[in-house]
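See below for the structure under consideration.
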Amino acid sequence: MSDSNTTDFTHPSTFILLGIPGLDAAHVWISIPFCAIYAIAILGNFTILFTVKIEPTLHGPMYYFLCMLATTDLVLSTSTVPKMLSIFWFNSREIDFSACLTQMYFIHCFSAMESGILVAMALDRYVAICQPLRHSTILTNTVVAKVGLAVVLRSSILVLPFPFLARRCPYHRTNIIPHTYCEHISMVKLACTDIRVNNYYGFSLIFIITGVDVFLIALSYTQILRAIFSLPTKDAWVKTFWTCSSHLFATLAFYIPALFFILTHRFAHNVPLHFHVLMANMYILVPPMLNPIIYGLKTKKIKNRLLWFFPRKAPKLFN
């Protein structure tokens with residue numbers, strides 16, 4: 001371990017990531033499910049991207065947004081898990097100061113991006129159910145591209161101050177971060193200065209991004225449910241609502257861990273530190289794993305394409 005944690009410095013050359021504090025002896029065992037979840041996320045999201053690319057019937061707004069979600073999940077998980085596993089397996093705890101700031105930016109940026117994409121997918125479901133005859137004319141490829149660009153720009157710009165706010169802080173006391181990755185609030189808590197600006201900006205982003213996105217998704221589903229309950233039969237209700245089930249499950253898989261992590265991190269100060277860190281890891285790991293499973297199992301076109309592809313291709317692999 002570096003001696004820099006006891007050196008008098010303003011900006012350390014490296015930070016030390018502790019992993020999961022208090023569970024050091026179990027790091028190797030914890031790494032097994034983490035590695036499995038990451039492998040499933042990588043395989044599942046690449047499968048979604050490949051399936052949509054080769055299947056012309058999947059070239060539509062819903063599946064373009066799904067590809068955006070898969071790409072976001074790949075970047076989000078890959079920006080954290082490899083370093084996390086190196087801590088667990090090789091005790092490689094050091095991370096360069098600039099690399100720490102970069103990782104922080106990627107984590108917060110792509111988390112915000114995933115939230116925005118879920119809003120875009122809710123918009124797609126709203127138009128598909130409430131304006132079915134105009135779906136293809138409202139959500140054209142150009143509109144989808146503009147929505148995707150807006151999501152990327154919003155996330156990139158709003159999260160950009162985080163690394164600059166963290167960089168302005170002096171770190172005289174220690175460079176040891178009790179976490180598996182460089183998360184903004186965990187990093188600036190080490191600073192020897194007033195961090196109220198960091199806290200206020202973090203709170204504002206929770207409302208601007210998470211609050212607004214949850215409101216828009218709830219508003220979309222309110223309109224969707226009104227349209228569903230206006231249908232004449234219960235079978236029509238169930239069939240129509242089933243088309244939203246994949247998005248609804250993906251939304252819950254993202255926001256439940258996210259909101260639980262935010263609330264416990266901000267308000268539950270008596271919760272053990274290792275529980276905070278585990279919840280933060282679940283927030284990063286679980287949605288990228290679940291999204292391709294949810295859409296692969298519950299979206300008929302994707303499932304049918306996979307069932308068509310693998311039985312034909314599998315024999316060739318063994319010839």
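Computed from a predicted structure; not experimentally measured. Atom set for the values below is all heavy atoms of this structure, side chains included, hydrogens, waters and symmetry mates excluded.
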Are side-chain N/O atoms of [X] and [Y] paired as donor and acceptor at under 3.5 Å?
X: Glu114; Y: Ser111; result: no
X: Asp124; Y: His135; result: yes
X: Thr14; Y: Asp96; result: no
X: Arg196; Y: Asn198; result: no
X: Tyr255; Y: Thr210; result: no

Worksheet item: Is Asp194 salt-bridged to Arg168, cutoff N-O under 4.0 Å?
Response: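 Answer for the salt bridge query: no.
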Worksheet item: Side-chain heavy atoms under 4.5 angstrom apart, residues restricted to Ile, Leu, Val, Met, Phe, Trp, Tyr: same cluster for Ile129 and Val143?
Response: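 Yes; tracing contacts between hydrophobic side chains, which count when under 4.5 Å, links both residues.
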Practice prompt. Please list, chain by chain and in numerical order, all residues satisfying salt bridge (Lys or Arg N to Asp or Glu O under 4.0 Å) with Arg125, sequence neighbours excluded.
Written response: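 Listed in chain order: nothing, the list is empty.
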How are the rings of [X] and [Y] set relative to one another: parallel (under 30°), tilted (30 to 60°) or perpendicular (over 60°)?
X: Phe162; Y: Tyr201; answer: perpendicular
X: Phe110; Y: Phe106; answer: parallel
X: Phe88; Y: Phe34; answer: tilted
X: Phe15; Y: Tyr171; answer: perpendicular

Worksheet item: So, Cys169 with Cys192, SGs under 2.5 angstrom?
Response: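 No.
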Worksheet entry | Nearest-0.5 Å distance that lies between atom CD1 in Ile185 and atom CZ in Phe203 |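 If we round to the nearest 0.5 Å, Ile185:CD1 and Phe203:CZ are 8.0 Å apart.
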Worksheet item: Under 3.5 Å, side chain of His184 to main-chain N/O of Ala166, donor-acceptor pair present?
Response: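 Here the side-chain-to-backbone pair does not exist.
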Item to complete: Indicate yes or no for a side-chain donor-acceptor contact from Ser230 to the backbone of Ala227 under 3.5 Å, with no hydrogens or angles considered.
Response: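 At least one qualifying donor-acceptor pair exists.
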Discussion item. Given His247, which partner from the list Trp242, Tyr126, Tyr221 fulfils the ring pair (Phe, Tyr, Trp, His ring centres under 6.0 Å) test?
Written reply: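 Running ring pair (Phe, Tyr, Trp, His ring centres under 6.0 Å) over Trp242, Tyr126, Tyr221 with His247 returns exactly one hit, Tyr221.
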Worksheet entry | Close side-chain approach of Ile293 to Ile40, heavy-atom, < 4.5 Å |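 With C-beta onward as the side chain, the pair touches.
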